[in-house]
There are 2 protein chains.
Amino acid sequence: MTTTHTDTAWAELQTRFQELADLGGIGSLLGWDQSTYLPAGAAAGRSRQRALLSRLRHERATDPAYGRLLEHLGGRGDLSPVQARMVAVARKDFEEATRFPAAFVAAWSQHGGESYSAWTGARPGNDFARMVPYLEKSLDLSLQAASYFPEFSDPMDYFIDQSDEGMTAAQVGEVFAALREALVPMVDAVTGAEAPRTDFLARHYPGADQLAFGESVIRDYGYDFTQGRQDLTHHPFMTRLGGQDVRITTRVKDNDPTEALYSTLHESGHAMYEQGVAEDLLGTPLGGGVSAGVHESQSRLWENLVGRSRAFWAAYFGKFRDAFPEQLADVTEEEMHRASNVVARSLIRTDADELTYNLHVITRFELERELLSGRLAVRDLADAWHAAYETNLGLRAESDVNGVLQDVHWYFGSIGGAFQGYTLGNVLSAQFYAAAERVNPGLEGDIARADFGRLHGWLRENVYAHGRRYTPNELLERATGQGMTVEPYLKYLREKYGALYGVTL
Amino acid sequence: MTTTHTDTAWAELQTRFQELADLGGIGSLLGWDQSTYLPAGAAAGRSRQRALLSRLRHERATDPAYGRLLEHLGGRGDLSPVQARMVAVARKDFEEATRFPAAFVAAWSQHGGESYSAWTGARPGNDFARMVPYLEKSLDLSLQAASYFPEFSDPMDYFIDQSDEGMTAAQVGEVFAALREALVPMVDAVTGAEAPRTDFLARHYPGADQLAFGESVIRDYGYDFTQGRQDLTHHPFMTRLGGQDVRITTRVKDNDPTEALYSTLHESGHAMYEQGVAEDLLGTPLGGGVSAGVHESQSRLWENLVGRSRAFWAAYFGKFRDAFPEQLADVTEEEMHRASNVVARSLIRTDADELTYNLHVITRFELERELLSGRLAVRDLADAWHAAYETNLGLRAESDVNGVLQDVHWYFGSIGGAFQGYTLGNVLSAQFYAAAERVNPGLEGDIARADFGRLHGWLRENVYAHGRRYTPNELLERATGQGMTVEPYLKYLREKYGALYGVTL
């Protein structure tokens with residue numbers, strides 16, 4: 001920033017960044033409202049509004065003048081490191097938005113809609129065969145998409161890079177292989193032990209009291225309600241509607257208070273990450289979480305490592321019982337802790353517990369790799385699914401609805417990179433927590449006092465504030481001193497579940 | 001629509017219409033959310049988003065290619081009458097959006113912001129003198145704005161035409177003069193009679209029960225909750241967020257159940273009008289209420305002519321007492337009816353009752369005319385205000401905060417046309433109701449049975465469905481067989497308040 005020329009160009013770039021961010025925020029509002037308050041009859045009009053806004057944003061994101069400005073600034077040597085990263089990330093986004101031919105985008109998008117529609121029709125009849133031609137076309141289109149980015153030699157790398165910049169299929173595959181090797185016997189041991197008592201969870205817990213309790217916890221965590229709020233929805237999510245507007249949603253089950261509670265804690269982790277991004281990065285391409293994996297690490301950290309810990313219930317069981325005195329009259333703190341950590345093999349990813357969840361994800365990741373590499377044909381996918389579930393989870397679904405047809409992701413028309421972030425998040429959550437604990441010994445004692453200042457402060461400083469300033473791998477190195485490793489996560493699982501279930505893991 | 005050429009042009013026009021409507025709907029969502037759920041810390045970002053969206057919409061509304069398309073289609077003779085009206089209204093909107101020079105728009109907008117800010121500072125100190133230079137500039141700018149539309153010989157006509165197309169200061173002035181002549185002695189007589197009992201209104205009415213009751217009433221009225229919803233806000237309003245999305249907001253006072261109830265009934269009237277616009281007009285310039293006056297007539301009709309009637313309480317007092325059995329244990333249906341029709345002279349427009357409200361509005365309308373004509377100088381406005389209140393309401397405010405500083409309207413930087421719609425609405429509400437009653441004798445009996453089918457049906461067919469298809473005066477002629485006249489309204493007031501207060505009016 002030494003010349004006036006650059007300053008003018010930079011000011012123009014900032015204006016464009018802010019405009020793109022604001023259009024993104026408006027789009028998020030349209031989506032948030034659709035998932036929370038939109039009247040039933042207004043869905044078609046809302047879809048049209050969202051399409052219009054996407055088009056307006058796309059026009060700006062692909063404006064050739066914007067591309068020239070980025071190229072000009074990217075070629076100059078007088079930018080600060082942060083500015084240079086902003087331009088680099090923006091150029092990457094610009095390439096992503098412009099490199100596909102318009103006809104390809106249209107064809108892919110149309111296919112996605114048709115495939116989704118066919119999937120909703122195929123599920124009631126358990127009709128995987130009907131989906132085979134759609135999935136084959138999805139695979140073709142996905143490979144074609146990757147082919148526009150020849151800098152990735154493996155198509156899977158292209159898709160992973162979309163959500164977890166700089167990570168590769170090889171790197172993730174190695175971590176996941178190590179994880180499975182450890183998890184399979186761990187699940188055997190834990191599910192072989194006596195199951196915890198859970199009867200009291202099925203009692204009646206009024207929704208409003210559940211919400212109030214969950215919100216009191218995340219207020220303690222550090223979620224800022226002056227820059228966000230929580231509302232009800234069907235499928236909980238976090239969304240950024242503006243620089244100072246990061247909202248979460250949850251859902252309530254009257255006969256299971258862990259549903260709303262852990263959804264709230266989970267989404268609050270995503271939201272605190274977004275709320276903690278340094279103010280001078282907001283309204284720029286760096287003004288948000290860096291990757292699916294790192295984002296999920298923050299939700300999992302607050303949901304599981306904190307929220308399902310013994311220390312958490314030491315801090316909150318009294319308050320929880322104050323909120324539900326009758327329902328919990330015959331329940332101990334330890335029973336509550338155990339009930340919030342039930343492990344059971346299941347066929348459905350979204351129902352899975354902390355321990356088995358990863359095996360669902362690893363299964364999908366490996367099948368994606370097989371499909372994209374051509375080693376697995378779509379027509380053999382349902383069988384491969386069943387075989388993988390037998391190997392990884394020791395279960396075989398009686399139908400494809402509870403097998404390969406269960407998740408929507410592939411049926412939107414794209415195959416690759418859709419799942420690994422969930423388990424990367426689990427792995428990274430323990431790695432970040434261990435690093436925070438190294439500089440802040442005794443974090444568990446903090447949690448037992450409902451004092452989250454040191455933990456939140458460390459995360460804010462070492463993760464949240466940076467936004468997309470560094471790549472996920474760089475961020476991890478800076479924050480933890482090492483690259484991605486599965487050891488802290490396995491250590492956490494072994495200690496926790498070993499103690500909870502009285503087994504040696 | 002006889003040639004392919006026109007069909008193509010028409011299709012392009014429809015696309016542009018829909019896009020403008022959708023951008024308008026998105027803007028309404030940004031505003032609705034800001035007034036209902038926006039976190040406190042997010043206001044600045046939201047303002048920037050709204051400004052961006054306004055700019056995007058303005059760019060499209062003033063696109064020269066759009067102007068040429070309108071001109072081309074307006075010049076053709078093969079349009080249907082509805083199409084011709086669409087083009088005419090769109091051209092009027094286009095002129096409105098383009099005839100001001102950009103520098104004038106910027107100066108006016110900036111002045112509006114500064115004036116509003118000064119007004120918020122001047123109110124605590126009751127400092128009208130501070131506002132004089134701002135109002136003088138507002139007056140200058142308003143006159144300049146009108147001068148860009150020399151087709152209006154009276155600047156006041158220009159401003160009235162903005163909200164009540166085709167009506168003139170002379171026409172409105174005549175109606176208002178007749179109204180005042182009748183109202184002043186009526187208010188004298190009514191306020192001289194014994195005041196109704198209202199003590200029970202100040203008891204505690206839980207907010208959630210109030211909302212449920214109000215919503216049950218408007219569901220009976222015909223407000224469609226599958227295409228709308230009600231939420232809480234500070235200043236209740238109705239807003240169209242899309243073709244099938246017309247929402248209302250309300251506010252609740254724990255110690256006055258009439259606050260939420262009549263706000264809900266009022267806004268439901270606006271909303272049923274918007275919900276009733278014929279589907280083939282939605283997404284076009286004709287897809288909404290035609291004028292401030294006609295809009296207000298619908299809110300007032302459902303709030304006052306229906307909602308404060310004896311028949312209404314015959315239908316609803318039982319249900320109301322079911323909702324609040326303790327609070328209303330010692331209250332009769334007749335007492336409730338009387339308590340919802342208290343008349344009292346007051347200094348503040350927004351606190352005024354049905355009868356005196358019009359005198360507040362007439363005062364402002366006449367002062368606007370005086371200012372715009374140059375017969376009244378801004379520096380004399382505060383005194384003129386006090387004098388007019390003595391004449392019209394028999395009261396003199398002890399301060400300007402309760403006088404000329406009370407309403408925000410003029411302090412946004414524009415003077416003219418801001419108020420008359422409220423009283424036009426009252427006048428028209430009775431005219432429409434009387435016309436509906438002529439074709440549907442015994443409407444009062446319907447209301448007493450909570451059966452609103454005939455009334456809602458007549459309004460839908462004769463008012464709602466037409467949107468902006470006709471001018472307000474045309475609509476009125478078609479629906480009622482005559483031009484605007486104050487007689488039905490005066491007849492309604494005389495009968496109602498004569499009976500309620502036992503006086504001859």
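Every heavy atom of this structure was used, including side-chain atoms; hydrogens, water molecules and symmetry mates were not. Residue numbers begin at 1 in each chain, while the letters A, B, ... track the order of the sequences.
Ranked by heavy-atom pairs under 4.5 Å with chain A, the first of B/L53, B/L23, B/T226 is B/T226. For the set B/G243, B/G45, B/G242, B/G228, the count of heavy-atom pairs under 4.5 angstrom toward chain A peaks at B/G228. The residue among B/I26, B/V246, B/L30 with the most heavy atom pairs within less than 4.5 Å of chain A is B/I26. Residue with the most contacts toward chain B among A/E19, A/R50, A/Q244, A/R229: A/R229 (heavy-atom pairs, distance under 4.5 Å).
Looking at B/L52, only its side chain comes within 4.5 Å of chain A, counting heavy atoms on both sides. With a 4.5 angstrom heavy-atom cutoff, A/R247 touches chain B only via side-chain atoms. Within the 4.5 angstrom heavy-atom criterion, only side-chain atoms of B/R46, from C-beta onward, approach chain A. Residue A/Y37 touches chain B through both its backbone and its side chain, counting heavy-atom pairs closer than 4.5 Å. In this structure, chain B has heavy atoms under 4.5 Å from both the backbone and the side chain of A/L38.
Going from atom CG of A/L265 over to atom OG of A/S299 covers 11.0 Å, rounded to the nearest 0.5 Å.
Using a 3.5 Å distance cut-off with no hydrogens or angles, the side chains of A/T249 and A/E267 do not pair a donor with an acceptor. Judged purely by distance below 3.5 Å, without hydrogens or angles, the side chains of B/T250 and B/S263 pair a donor atom with an acceptor atom. Side-chain N/O atoms of A/Q298 and A/Y464 include a donor and acceptor closer than 3.5 Å.
If you run side-chain contact (heavy atoms from CB on, under 4.5 Å) between B/L282 and each of B/Q18, B/R240, B/E274, only B/R240 comes through.
In this structure, A/F237 places its CZ atom where more than 12 heavy-atom neighbours from other residues, nucleotides or ligands lie under 6.0 Å away.
At least one cation-pi condition fails for B/R60 and B/Y66: the charged atom is not both under 6.0 angstrom from the six-membered ring centre and inside a 45 degree cone around its axis.
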